[in-house]
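In what follows, a single structure is set out as structure tokens and then discussed.
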Amino acid sequence: MILWHVGATVAIVRYVFKDPGTDLRFLAVGALLPDLVDKPIGSLLFVDQLASGRVFAHALVFPVALLAAVMVVTRRGSTARKAWLMVPIGALLHLFLDAQWANPAGFWWPFLGLDFPEMDPARLVPLVRDTVTDPLTLLGEAAGLVYLVGLYVRKASHTDWLRTGRVPL
């Protein structure tokens with residue numbers, strides 16, 4: 001779910017922070033990062049060992065580690081820190097939108113054990129098929145698309161948005 005994660009994350013951050021200076025490009029990367037990390041690792045590369053598309057980056061420790069890294073590497077009050085802070089915020093909201101807390105072994109990894117809940121490898125093809133045909137998934141994708149297109153059409157100075165990542169409130 002790409003558009004759902006990006007659209008819902010942008011909507012939540014714009015509503016909560018109300019900061020027109022937020023760089024939405026960094027936020028979008030953070031919103032997609034858990035899937036960009038975990039899907040190839042757990043579903044393709046190490047399917048025999050992990051057998052899941054929700055592993056390390058779907059654990060709470062991942063956005064917390066990202067946040068710590070941003071705080072260590074960037075300088076207080078800098079525009080770089082403000083931009084890079086959107087990555088862990090986006091990753092944390094990804095976990096929220098996935099309702100990852102309902103999977104305690106994965107969400108609290110490694111604190112509740114080092115094993116991830118397994119997915120039957122034979123289930124991968126039906127899972128992908130169900131993902132692209134499930135009405136709830138399609139509704140989420142449509143909602144994300146409608147929000148992002150509406151935001152782009154109504155609010156964005158198109159060249160500024162692409163160059164700065166900022167959209168006026």
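When reading the values below, keep in mind they use all heavy atoms of this one structure, side chains included, and skip hydrogens, waters and symmetry mates. The structure presented is a predicted model; accordingly, all values stated were derived computationally and were not measured.
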Open item on the list: Set out, in order, the CA-CA distance, both residues' side-chain angles and the distance that settles side chain to side chain contact (heavy atoms under 4.5 Å, CB included) for I89 and L27, then state yes or no.
Closed with: CA-CA 7 Å; I89 289 171; L27 186 63; 4.2 Å; yes

Nearest-0.5 Å distance, [atom1] of residue [X] to [atom2] of residue [Y]:
| X | Y | atom1 | atom2 | answer |
| --- | --- | --- | --- | --- |
| Y147 | L3 | OH | CG | 13.5 Å |
| M1 | E141 | CE | CD | 5.0 Å |
| N103 | W108 | CG | CH2 | 12.5 Å |
| L148 | L24 | CG | CG | 9.0 Å |
| L93 | T9 | CG | OG1 | 5.0 Å |
| T74 | L85 | OG1 | CG | 6.0 Å |

Quick check on the hydrophobic clustering: are [X] and [Y] connected, directly or via other members, by side-chain heavy-atom contacts under 4.5 Å?
| X | Y | value |
| --- | --- | --- |
| I12 | V146 | no |
| L112 | V55 | yes |
| V64 | M71 | yes |
| L145 | W4 | yes |

- [ ] Please step through side chain to side chain contact (heavy atoms under 4.5 Å, CB included) for the pair L92 and F96, ending with a clear verdict.
- [x] CA-CA 6 Å; L92 185 61; F96 170 74; over 6 Å; no

- [ ] Go through the structure and list residues passing side-chain contact (heavy atoms from CB on, under 4.5 Å) with L95, not counting sequence neighbours.
- [x]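 Partners of L95 by the side-chain contact (heavy atoms from CB on, under 4.5 Å) criterion, ordered by chain and then number, come out as H58, P63, Q100, F107.
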
Open item on the list: Can you list everything that forms a side-chain contact (heavy atoms from CB on, under 4.5 Å) with P20? Sequence neighbours excluded, please.
Closed with: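 Applying side-chain contact (heavy atoms from CB on, under 4.5 Å) to P20 gives L169.
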
[X] versus [Y]: any side-chain heavy-atom pair under 4.5 Å?
| X | Y | result |
| --- | --- | --- |
| D19 | K82 | yes |
| R14 | V167 | yes |
| R76 | R81 | yes |
| L33 | L66 | yes |

TODO: Quick one: sort the H94 and H5 rings into parallel, tilted or perpendicular, breaks at 30° and 60°.
DONE: parallel

- [ ] Output, in order, the C-alpha distance, side-chain angles, deciding distance and verdict of side chain to side chain contact (heavy atoms under 4.5 Å, CB included) for F62 and V37.
- [x] CA-CA 10 Å; F62 181 73; V37 171; 4.3 Å; yes

Task: Working for side chain to side chain contact (heavy atoms under 4.5 Å, CB included), residues V87 and V70 - done: CA-CA 9 Å; V87 175; V70 169; 5.7 Å; no

TODO: Could you tell me which non-hydrogen atom of V61 sits nearest to which non-hydrogen atom of W109, and how far apart they are?
DONE: CG1-O, 3.7 Å

Task: Least distance between heavy atoms, F26 atom then W84 atom - done: CE2-CE2, 3.4 Å

- [ ] Assess whether atom CD1 of I2 is packed by more than 12 heavy atoms of other residues, nucleotides or ligands within 6.0 Å.
- [x]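 Open.
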
Task: By side chain to side chain donor-acceptor pair (under 3.5 Å) - contacts of T79 (at least two apart) - done: none

